[in-house]
**Student:** 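Could you have a look at this structure, given as structure tokens, before my questions?
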Amino acid sequence: MKILVLGAGKMGSFFIDLLSFEHEVGVYEKDPKRMRFTYNCQRFTELEEIREFRPELVINAVTVKYTIPAFKEVLPYLTDECIISDISSVKTNLKEFYGETGHPYVSTHPMFGPTFANLQQLSEENAIIITEGDYMGRIFFKDLYQRLGLNIYEYTFEEHDKTVAYSLSIPFVSTFVFAAVMKHQDAPGTTFKRHMKIAKGVLNEDDFLLQEILFNPYTHDQVSQIRTELKELLEIIDSKDAAGMKQYLTKIRNNVKRDIEIRR
């Protein structure tokens with residue numbers, strides 16, 4: 001299959017490396033310097049080169065801010081049969097956009113990023129495939145993700161956004177709160193250092209991506225739960241309620257235990 005990857009960033013390069021030995025892969029990137037470490041693929045910097053390549057599948061791997069603009073830029077140079085796809089963690093407006101293009105499409109979300117995940121060992125990582133869209137496109141990505149050993153979940157666009165609101169907004173907001181109140185520690189403990197490492201990783205993400213995840217319409221209710229829990233915990237601390245603290249710790253340990261059991 002002829003596959004065009006849009007963007008030669010970390011995830012774009014990952015897909016190029018992953019696909020280039022079994023498919024004819026090209027990459028379109030406006031900044032030639034970003035293609036220095038790509039190999040076994042054709043490199044395009046001009047849109048007319050895309051028309052000549054005639055891709056059968058486009059994987060849009062640009063940053064979330066430019067996902068739809070990148071599609072709009074290349075669409076005039078694609079055949080009508082070409083499947084267009086995204087791997088964006090934020091699907092805002094994508095369902096409506098796809099419906100207007102007339103192209104077959106597939107939308108997926110590899111729920112791992114180059115910041116924390118070991119891209120050589122992904123068996124504990126997850127991927128979402130949106131159930132709406134082209135059947136053959138979904139089969140392509142399902143086979144690809146299965147070969148990577150990913151745990152695959154199939155959701156609608158709406159179900160995806162609800163899942164992201166929970167799985168990303170809560171840890172992101174918790175990290176923001178930690179970073180907002182933290183102070184330099186000359187002799188930091190292990191837990192502090194681990195939280196600091198997570199904070200650095202999250203804050204290295206693109207600002208627009210963080211914004212869009214938090215502006216997800218389902219995020220507010222998730223973040224409100226943090227506020228409720230903090231209020232309860234602060235009341236226990238202020239009153240030095242030992243019994244209440246024990247009860248609270250039991251509750252959150254059971255939450256963690258339940259999650260571990262479900263994953264097994």
**Student:** Please round to the nearest 0.5 Å and tell me the distance separating atom CD of Glu159 and atom OG1 of Thr163.
**Tutor:** 7.5 Å

**Student:** Using a strict 4.0 Å threshold on nitrogen-to-oxygen distance, state whether Asp134 and Arg138 make a salt bridge.
**Tutor:** no

**Student:** Over all heavy atoms of both residues, which pair between His103 and Asp80 is shortest? Give the atoms and the distance, please.
**Tutor:** ND1-O, 3.6 Å

**Student:** Taking the six-membered ring for Trp and the full ring for Phe, Tyr or His, determine whether the centres of Tyr145 and Phe140 are under 6.0 Å apart.
**Tutor:** no

**Student:** Determine the interplanar angle of the His195 and Phe178 rings, folded into 0 to 90°, and report it as parallel if under 30°, tilted if 30 to 60°, perpendicular if over 60°.
**Tutor:** tilted

**Student:** In the structure I gave you, are the side-chain heavy atoms of Phe176 and Leu203 within less than 4.5 Å of one another anywhere?
**Tutor:** yes

**Student:** Check for a donor-acceptor pair, side chain of Lys95 on one end and backbone N or O of Glu132 on the other, with a separation under 3.5 Å.
**Tutor:** no

**Student:** Can a salt bridge be assigned to the pair Glu73 and Lys30 using a cut-off of 4.0 Å between side-chain N and carboxylate O?
**Tutor:** yes

**Student:** Taking only Lys NZ, Arg NE, NH1 and NH2, and the carboxylate oxygens of Asp or Glu, determine whether Glu229 and Lys251 approach each other closer than 4.0 Å.
**Tutor:** yes

**Student:** I'd like to know if the side chain of Asn254 and the backbone of Val256 have a donor-acceptor N/O pair within less than 3.5 Å.
**Tutor:** no

**Student:** Please answer whether the main-chain N or O of Asp17 pairs with a side-chain N or O of Asn40 as donor and acceptor at a distance below 3.5 Å.
**Tutor:** no

**Student:** Taking all heavy atoms of Pro104 and all of Glu81, pick out the closest pair and write down the distance.
**Tutor:** CG-O, 3.6 Å

**Student:** What about Phe53 and Tyr28, are their ring centers closer than 6.0 Å?
**Tutor:** no

**Student:** Determine, using ring centers only, whether Tyr155 and His160 are less than 6.0 Å apart.
**Tutor:** no

**Student:** Any luck finding a side-chain donor-acceptor pair between Ser107 and Asp86 under 3.5 Å?
**Tutor:** yes

**Student:** Looking at every non-hydrogen atom in both residues, tell me the closest pair between Ile50 and Pro55 and how far apart they are.
**Tutor:** O-CD, 3.5 Å

**Student:** For the pair Glu49 and Arg43, find out whether any cationic side-chain nitrogen is under 4.0 Å from an anionic carboxylate oxygen.
**Tutor:** no

